[in-house]
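Just below is one structure, and these are the notes that go with it.
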Amino acid sequence: MSQQGQDAKFFQRGKIEEFRAELHAAEAKDKKFVKRKTVLKKIVANITMGTDMSPLFTDVVQCLGTPLLEIKKMVYLFLVSYGRSKPDQIHLVIPNFLQDCNDRNPLIRALAIRTMSYIPIPVVTDALSDNLRHALKDRDPYVRKTAAICVAKLYTADPRKAEKGGFVELLRDLMLDSNATVVANAVAALSEIGDRQDGVIFKLNLATANKLLAAIPESSEWGQIYILDSLLRYVPERHADAEMMAERIIVQLQHGNSAVILTTIKALLYLMNYMENRQLIDYICKKMGPPLVTLLSSGPEVQYVALRNILLIIQRRPTVLKNDVRVFFCKYNDPIYVKLAKLEIMYRLARAENAKEVLAELQEYASEVDLDFVRKAVRSIGRLAIKVEAAADDCIQALLSLIETKVTYVVQEAVIVIKDIFRRYPGKYEGIIPTLCENLDALDEPEAKASMVWILGQFANIIDNADELLDDLCYTFLEESTEVQLALLTAVVKLFVYKSKADKAKELVHKVLKWATEEADNPDLRDRGFMYWRMLAVNPTVAGEIVLSDKPAITTDSDRMDRGALDQLLLHTGTLGSIYHKNPETFIRHAAGKALKDSPALNAHSRAVLVPLARVQLPSAMPIVVPGPGPMEPQAVSSPVAPAPPLKNDSSPPASDQPVSVPANGVSSDQYPEDEEGDEDDEESSNRQTNNLDPYSNLDNAFGGYLADEPRPMAGGRHGDEDDLLF
Amino acid sequence: AFFIFNQKGEVLISRLYRTDFKRSIADVFRIQVVSNPDVRSPIITLGSTSFFHVRVNNLYVVAVTKTNANAALVFEFCYRFINICKSYFGKVDEESIKNNFVVVYELVDEINDFGYPQNSEIDTLKTYITTESVVSATQAPETSSRITAQATGATSWRRSGDDVKYKKNEAFVDVVEVVNWMGSAKGTTLRADVDGHIQMRAYLSGTPECKFGLNDKLVIDRGAAAGGSDAVELDDCQFHQCVRLNDFDADRSISFIPPDGEFELMKYRATSNIKLPIKVIPTVTEIGTSKVSYDITIKTTFSPKLSATNIVVRIPTPLNTTDVDVGSVGTGKAKYVPGENVVVWKIPRLQGGQECSISAMAQLTSTTTRQVWARPPIDIDFQVLMFTASGLIVRFLKVFEKSNYHSIKWVRYLTKANGGYQVRVSQTFLPHPAMK
């Protein structure tokens with residue numbers, strides 16, 4: 001091991017003048033440049049601590065004359081930090097840069113262009129251009145791979161200059177380089193450019209894609225990621241092409257780097273949309289499971305990324321991990337974000353066969369300490385009851401014993417889900433209502449209270465003292481939240497419909513209607529009050545039929561994403577978008593959206609649900625869309641909110657070598673029958689379709705507040721038109 | 001951008017790769033994460049800006065981006081950075097980063113360019129980023145060319161053939177298995193799995209070509225063929241990037257040119273036919289509301305020739321425990337640690353085929369309301385040398401090198417439990433003795 005440094009002492013704030021004096025003093029007598037080195041270290045430490053060292057520009061630059069590499073690197077670091085703010089002085093260092101660009105040592109040549117390209121001001125980029133052109137053809141691969149990234153930097157600084165300089169073409173040539181690292185960096189640079197809204201479009205044809213694949217075995221792990229990622233820019237025209245490509249990359253699932261694995265999975269999921277061979281698709285699905293599980297042995301951060309992705313993957317490809325629910329059981333010392341993500345997956349993977357096991361786990365979690373986790377566990381028990389009929393009895397038992405603990409937040413969660421269970425299995429569990437009524441006082445959260453009120457109203461005919469209970473609850477009517485007020489209003493109307501002869505019911509309904517129509521500020525409440533009042537006045541019988549009509553059955557389908565949205569979201573596997581389950585263009589400004597591209601090979605069902613990409617025309621005007629909480633969220637994903645015309649206007653900068661093949665065969669989706677090959681999720685998707693016919697399926701969504709603990713990006717500033725984090 | 005923060009939120013390293021950030025973005029992280037007592041995610045997104053962080057010792061390693069970054073790549077990069085620092089400075093903490101900050105800056109400039117991770121192989125990096133000063137003029141371009149060829153080459157993890165010379169050619173193979181077990185209160189297995197990795201230290205001259213062989217009856221890829229009950233089944237395995245995946249795919253052979261020195265050759269995971277080295281039989285009884293009694297027996301199931309060492313059993317007690325009487329301890333020592341609400345029972349060594357028990361009684365203060373107690377599981381840590389819970393063994397390691405030297409290979413096995421070997425405690429209530 002190398003000797004330990006002793007530089008911590010330099011982390012002390014110093015004054016510009018002192019440093020300047022020290023640098024000058026060092027010029028006179030500086031054996032082995034020790035003094036200069038020391039001052040520079042102090043300066044770098046001060047940059048780190050956030051002190052502005054830019055006034056020292058001319059003094060620091062003087063040090064470039066020393067032949068010490070360490071000093072050179074520190075000066076370069078200084079230039080990267082302050083070069084941009086000194087456009088009038090930067091010319092002082094250009095000669096040094098140019099000299100280094102022509103150094104015999106390739107490491108120095110690379111260092112020079114790398115540093116220059118970090119200073120995006122015209123003086124430097126002008127000087128860089130010629131050298132960069134040479135560097136892209138340097139005989140040393142290290143210089144070439146550095147130069148490739150430099151092009152991306154240059155493009156960021158000045159896209160038009162980079163295009164005019166022919167750099168994009170030079171990058172394309174590098175994709176055929178003999179060195180795999182160079183190829184990978186060229187691909188990374190082209191991808192970055194292609195993702196820009198004003199960038200040159202980057203697409204791959206079969207021949208190039210195959211060449212890139214050949215470079216994978218010799219690439220570094222990072223290089224493999226860049227190449228695998230770029231495969232999504234290749235649109236297979238024939239099933240066989242997609243199948244061949246998948247077979248070639250599937251070995252990468254054995255790689256030790258989790259990012260290689262997830263990127264391979266992304267490419268496989270993408271290619272599967274263009275495949276026909278059922279057997280191969282099944283095989284790939286089977287192969288994807290184990291590596292995903294193995295990611296759960298990585299560090300907790302990677303586990304989290306994996307779990308959020310698994311949640312998406314199993315919705316689209318339910319056979320993956322179908323029998324592996326146990327691996328998602330929470331460990332006592334898992335970080336909370338891992339636990340919450342696991343819980344969601346456990347629920348998704350629950351079926352009649354494993355419901356008992358899952359329930360036992362959920363019960364275990366319900367006694368832990370973290371509030372969010374416990375609440376989610378309790379809710380999951382209720383959702384399990386709704387999802388798996390065979391487990392409903394056991395789940396109810398579990399919920400009842402949780403209510404017995406009298407822990408308020410547990411009781412409240414339990415009440416919320418039980419309401420939905422009543423709706424899912426009418427006439428089956430009403431016997432437990434008395435137990436719920438005993439815990440009325442424990443409820444202080446709006447959602448729980450509203451749920452209980454709903455139960456009281458709906459079953460007022462079988463709850464003997466429903467009138468008293470509702471009357472009690474109405475004492476605080478005017479202070480309640482709107483959610484509870486609305487529930488109370490409906491509940492007393494139901495009570496009145498059931499017991500129209502009872503004085504108490506009459507009195508109560510009158511009182512509440514009066515409050516709702518005369519004292520409430522909320523228009524919804526007022527309107528609903530008027531509506532009930534008139535209905536009851538005009539024809540009480542019909543009113544009863546309306547208020548107590550059969551409710552549409554509750555299903556668990558509405559919390560699944562629809563296939564088109566999933567297909568689109570899975571194109572972002574492994575990225576931030578896959579963590580938040582949102583398309584990146586909806587929460588990251590200037591982020592590139594993605595959409596499946598149509599081709600003759602595209603699976604018919606995928607085509608039918610294809611979500612075309614709206615490419616935003618005016619980048620700076622794009623608002624940040626951060627949807628608020630609420631049950632509609634998953635659906636919001638399916639219809640990108642970007643206010644731009646659809647696909648056709650795909651901006652086509654000069655080099656678009658391949659027009660986007662659109663509508664011709666893509667629009668009339670209704671012509672396509674359900675996926676004939678019986679894509680795995682068929683049964684469920686047809687299920688969902690019938691469900692979509694129910695206009696209420698999302699209105700009174702069973703899992704209204706369920707997404708409360710979903711990870712989501714936070715809005716940075718109030719306005720989307722300026723930089724979102726201003727300093 | 002890339003940052004390192006200390007626990008107080010002070011910046012130790014700050015490298016902005018792109019002009020879309022100013023250094024002041026560091027303040028946002030300090031406010032949102034370092035000074036936030038309840039951080040519930042390793043990723044935080046504010047507007048278009050996302051912060052990724054990994055904690056190590058007293059440090060935060062942080063990456064910041066305004067793009068839809070590949071989250072797995074970002075975290076892998078942070079992990080890699082931490083490993084590189086470990087290798088360079090021996091440890092990764094505030095002191096070592098501050099003491100070597102100039103080298104750290106060189107490293108972050110080298111292993112990441114414009115946000116794209118570049119060559120991060122320690123062996124190669126050490127050939128040109130060192131803690132000693134290098135006079136650029138004296139570094140021969142030829143040496144540099146060799147370095148660059150290696151940094152970008154197909155075997156970027158190993159210096160070229162003639163640079164590596166050992167008098168004695170040796171290779172050490174350590175098979176290390178971490179066994180995780182979750183037992184129900186009744187002692188049945190809820191989940192058992194093994195996270196294994198094969199660590200190799202190769203001190204071999206030249207450019208050695210290695211071939212590695214595991215058990216004959218090894219099934220990788222569950223379900224492809226029924227292995228029978230005595231076969232070793234791996235659910236999955238992943239390799240260091242030096243292993244030729246195409247060869248493995250074709251005929252399951254593991255062949256590679258190793259990096260010089262220590263590296264992780266292979267990771268694997270097994271869930272079937274797992275031999276649990278230690279069994280735990282817990283009986284926890286709540287007597288009324290004032291006492292909880294514990295009777296816990298542990299048994300070793302492996303051959304008497306082997307032994308488990310450093311056994312630490314942690315038995316959680318309720319939060320309102322006032323004291324614990326440790327009645328009898330078969331072997332080792334037990335002590336109640338009030339600060340953590342656990343009884344810690346330590347057994348230095350326990351041979352195979354033996355058992356020992358402990359009994360203890362926790363006294364509780366009376367509380368008016370029954371406090372919620374999460375009933376954490378009982379946790380056992382231990383190590384067993386020359387034993388693998390999966391049954392995996394190394395059959396051979398062949399080394400071919402053009403000079404045909406003789407090499408010595410050593411294999412060691414270690415199975416350990418490390419916070420993941422747990423048995424749940426059931427809730428059995430006994431009425432207070434007076435009420436019987």
Side-chain angles (χ1 to χ4, degrees), chain A residues 2 5-8 11 48 50 67 69-70 73 77 104-107 140-142 145 149 153 179 181 188 218 220-222 225 251 254 256-259 262 290-291 294 297 301-302 305 326 329 332 336-337 367-369 407 574-577 579 584 588-589 591 711 713-714 716 724-725 727, chain B residues 11 14 22-24 40-43 45-50 54 68-73 75-76 79 90 98-102 105-106 113-114 116-117 119 130-131 133-137 141 144-145 148 151-152 154 156 191 195 235-236 238-241 245-246 249 267 269 372 374 376-377:
Chain A
S2 354
Q6 295 293 335
D7 292 347
F11 275 81
T48 306
L69 187 59
E70 201 182 349
K73 285 190 176 172
L77 189 67
R104 279 171 61 214
N105 184 334
L107 289 169
D140 192 288
Y142 185 87
K145 74 108 183 166
I149 301 289
K153 294 185 216 168
N179 183 295
T181 307
E218 300 214 326
S220 76
E221 50 205 317
W222 315 115
I225 297 168
V251 295
Q254 240 74 53
N257 183 316
S258 67
L262 275 175
T294 301
S297 315
E301 295 83 9
V302 166
V305 175
R326 279 169 171 236
F329 288 176
Y332 185 74
I336 181 67
Y337 51 85
S367 64
E368 286 203 15
V369 272
V407 181
T575 68
L576 276 174
I579 305 285
I588 299 175
R589 195 128 32 97
M714 294 175 259
D724 47 335
L725 284 174
F727 298 100
Chain B
V11 179
S14 135
K22 298 199 186 89
R23 190 193 167 283
S24 50
R40 299 174 78 87
S41 169
I43 305 175
T45 300
L46 290 161
S48 297
T49 305
S50 301
V54 174
N68 181 34
N70 183 329
L73 176 135
F75 286 129
E76 283 286 346
Y79 293 166
K98 272 186 160 176
N99 273 328
N100 298 285
F101 73 98
V102 177
Y105 272 121
E106 282 189 45
D113 193 2
F114 204 44
Y116 293 99
N119 171 49
T130 56
T131 40
S133 311
V134 179
V135 180
S136 61
S144 297
S145 299
T148 57
T152 60
S156 58
R191 186 186 59 218
D195 281 328
D235 290 33
D236 187 30
Q238 291 168 347
F239 299 100
H240 184 270
Q241 62 167 324
L245 295 179
N246 286 322
D249 193 48
K267 285 189 281 199
R269 194 166 48 76
V372 203

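Quick note on labels: first sequence line is chain A, next is B, and so on, each numbered from 1. Every heavy atom of this structure was used, including side-chain atoms; hydrogens, water molecules and symmetry mates were not.
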Exercise for the section: Determine the option with the most heavy-atom pairs under 4.5 angstrom with chain B, choosing from E301(A), E221(A), E218(A). Expected result: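 Highest number of heavy-atom pairs under 4.5 Å: E301(A).
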Atom pair [atom1] ([X]) and [atom2] ([Y]), whose distance is rounded to the nearest 0.5 Å:
X	Y	atom1	atom2	result
S297(A)	R269(B)	OG	CZ	6.0 Å
S41(B)	I579(A)	OG	CD1	8.0 Å
D235(B)	T294(A)	CG	OG1	7.5 Å
Q254(A)	N246(B)	CD	CG	11.5 Å
N119(B)	Y142(A)	CG	OH	8.0 Å

Problem - N/O donor-acceptor pair under 3.5 Å between T152(B) side chain and T181(A) backbone - result: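 Absent.
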Exercise for the section: Using modelled atom types only, decide if a donor and an acceptor are shared between the side chain of N68(B) and the backbone of L576(A) within a distance under 3.5 Å. Expected result: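 At least one qualifying donor-acceptor pair exists.
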Practice task
Would you mind checking if K153(A) and D113(B) are paired as a salt bridge, meaning a charged N to carboxylate O distance below 4.0 Å?
Solution key: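 Judged by the 4.0 Å cut-off on N to carboxylate O distance, D113(B) and K153(A) do form a salt bridge.
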Handout entry: Contacts of R40(B) that satisfy salt bridge (Lys or Arg N to Asp or Glu O under 4.0 Å) - sequence neighbours left out
Key =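 R40(B): salt bridge (Lys or Arg N to Asp or Glu O under 4.0 Å) contacts with D370(A), D372(A), D38(B).
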Exercise for the section: Please tell me if the side chains of N70(B) and I225(A) come closer than 4.5 Å, counting only heavy atoms from C-beta onward. Expected result: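 SC-SC contact between N70(B) and I225(A) confirmed.
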Handout entry: side-chain hydrogen bond (donor to acceptor under 3.5 Å, both in side chains) partners of T48(A), counting only residues at least two apart
Key =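 In terms of side-chain hydrogen bond (donor to acceptor under 3.5 Å, both in side chains), with neighbours along the sequence ignored, T48(A) is linked to Y105(B).
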Problem - Contact origin within E106(B) toward chain A - heavy atom pairs under 4.5 Å - result: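 Only the side chain of E106(B) comes within 4.5 Å of chain A.
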Problem - Side chain, backbone, both or neither of Y79(B) within contact of chain A (heavy atoms, under 4.5 Å) - result: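 The answer is the side chain of Y79(B).
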